[in-house]
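For reference, the structure is listed below as structure tokens.
When a ligand or atom number is given, it counts from 1 through the structure's own listing order.
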Amino acid sequence: MSLFAAAPMQLVEDAEGGVVCWPQWLPEALARAWFEALHAGAHWAHQRRPMYDRVVDVPRLLAAYETDALPASLPLAAMLERIQATAPAAYNAIGLNLYRDGRDSVAMHNDKLHSIVAGQPIALVSLGATRRMRIRPKGGGGAGVGVDLTPGSLLVMSHASQRSHEHGIAKTTRAVGPRISAVFRVRPRHWRPD
Ligand SMILES: O=C(O)CCC(=O)C(=O)O
Ligand SMILES: [Fe+2]
């Protein structure tokens, strides 16, 4: 393990800080321990969502927590404390994604604007296998960038970047192990999942 975290990478620029990735933000052993704890202990659920006139499986497992009721058995409070040191904000909601293997994915999207407070960042911690996130301008404004989200990396996305860009993780035929992302957001006070 190196003494100093790798320098942050600026992936998108905007007036709210854009999109920045800190590779090796966590010490390797801690990233491994947090992966194991979340993999074994989170309330993973399989969701189905309406899509046009059908109901489809969400191609990954999900879990959700509010920061004022964090289970002591999960490392989420410790994760939040570390995030506060790098990308401070009044995070109140944590969404967990579990990509079981290369068949799991998230389609290109932006995080729903009505479900996040304007001006506030989204902080995403990656654990487990490395998967590649694609980030591209909306409306065909260029190819965008790919970023390998290595275990222990932190990705911070501005609210503004959710208006200008979309992001996603494609399926892969490569043999990849499970990956977890923990996404910290600032929800409006009376927001409820739809
Ligand atoms: O797993 C990731 O890195 C991306 C997850 C994501 O975009 C989301 O939960 O909205
Ligand atoms: Fe997202």
Find all atoms of ligand 1 within a distance of less than 4.0 Å from any non-hydrogen atom belonging to Ile169, and give their numbers and elements. 1 (O), 2 (C), 3 (O)
Indicate whether the side chain of Asp111 and that of His167 have a donor and an acceptor atom separated by less than 3.5 Å. yes
Classify the side-chain pair Asp14/Ser161 by whether it contains a donor and acceptor separated by less than 3.5 Å. no
Between Arg82 and Leu26, is there a side-chain heavy-atom distance shorter than 4.5 Å? yes
I'd like to check His165 versus Val19 (side-chain heavy atoms, cut-off strictly below 4.5 Å). Are they in contact? no
Only to 10 degrees, please: what angle do the NE2 atom of His167 and the OD1 atom of Asp111 make about the Fe ion (ligand 2)? 100°
Starting from atom 9 (O) of ligand 1, which protein heavy atom do you reach first, and at what distance in Å? Asn97 ND2, 3.1 Å
Protein contact of atom 7 (O) of ligand 1 - nearest heavy atom, named by residue and atom, plus distance: His167 NE2, 2.9 Å
How does Leu155 reach ligand 1, by side chain, by backbone, by both or by neither, if only non-hydrogen atoms under 4.0 Å count? neither
Polar contact flag, side-chain donor to acceptor under 3.5 angstrom, Ser153-Trp22: no
Within the 4.0 Å heavy-atom shell around His109, which atoms of ligand 1 are there? 6 (C), 7 (O), 8 (C), 10 (O)
Which atoms of ligand 1 sit under 4.0 Å from any heavy atom of Tyr99? 1 (O), 2 (C), 4 (C), 5 (C)
What atoms in ligand 1 come closer than 4.0 Å to a heavy atom of Met133? 3 (O), 4 (C)
Under 3.5 Å, is there a donor-acceptor pair linking the side chains of Arg179 and Thr130? no
May I ask whether Arg185 places a heavy atom under 4.0 Å from ligand 1? yes
Which protein non-hydrogen atom lies closest to atom 3 (O) of ligand 1, naming both residue and atom, and how far is it? Arg179 NH2, 2.8 Å
Taking 4.0 angstrom as the limit and counting only heavy atoms of Leu149, give me the atoms of ligand 1 inside it, by number and element. 3 (O)
Run the numbers for me: atoms of ligand 1, each under 4.0 Å from some heavy atom of Asp111, listed by number. 10 (O)
Quick check on the hydrophobic clustering: are Leu70 and Leu98 connected, directly or via other members, by side-chain heavy-atom contacts under 4.5 Å? yes
May I ask you to check whether Asn92 and Arg187 show a side-chain donor-acceptor distance below 3.5 Å? no
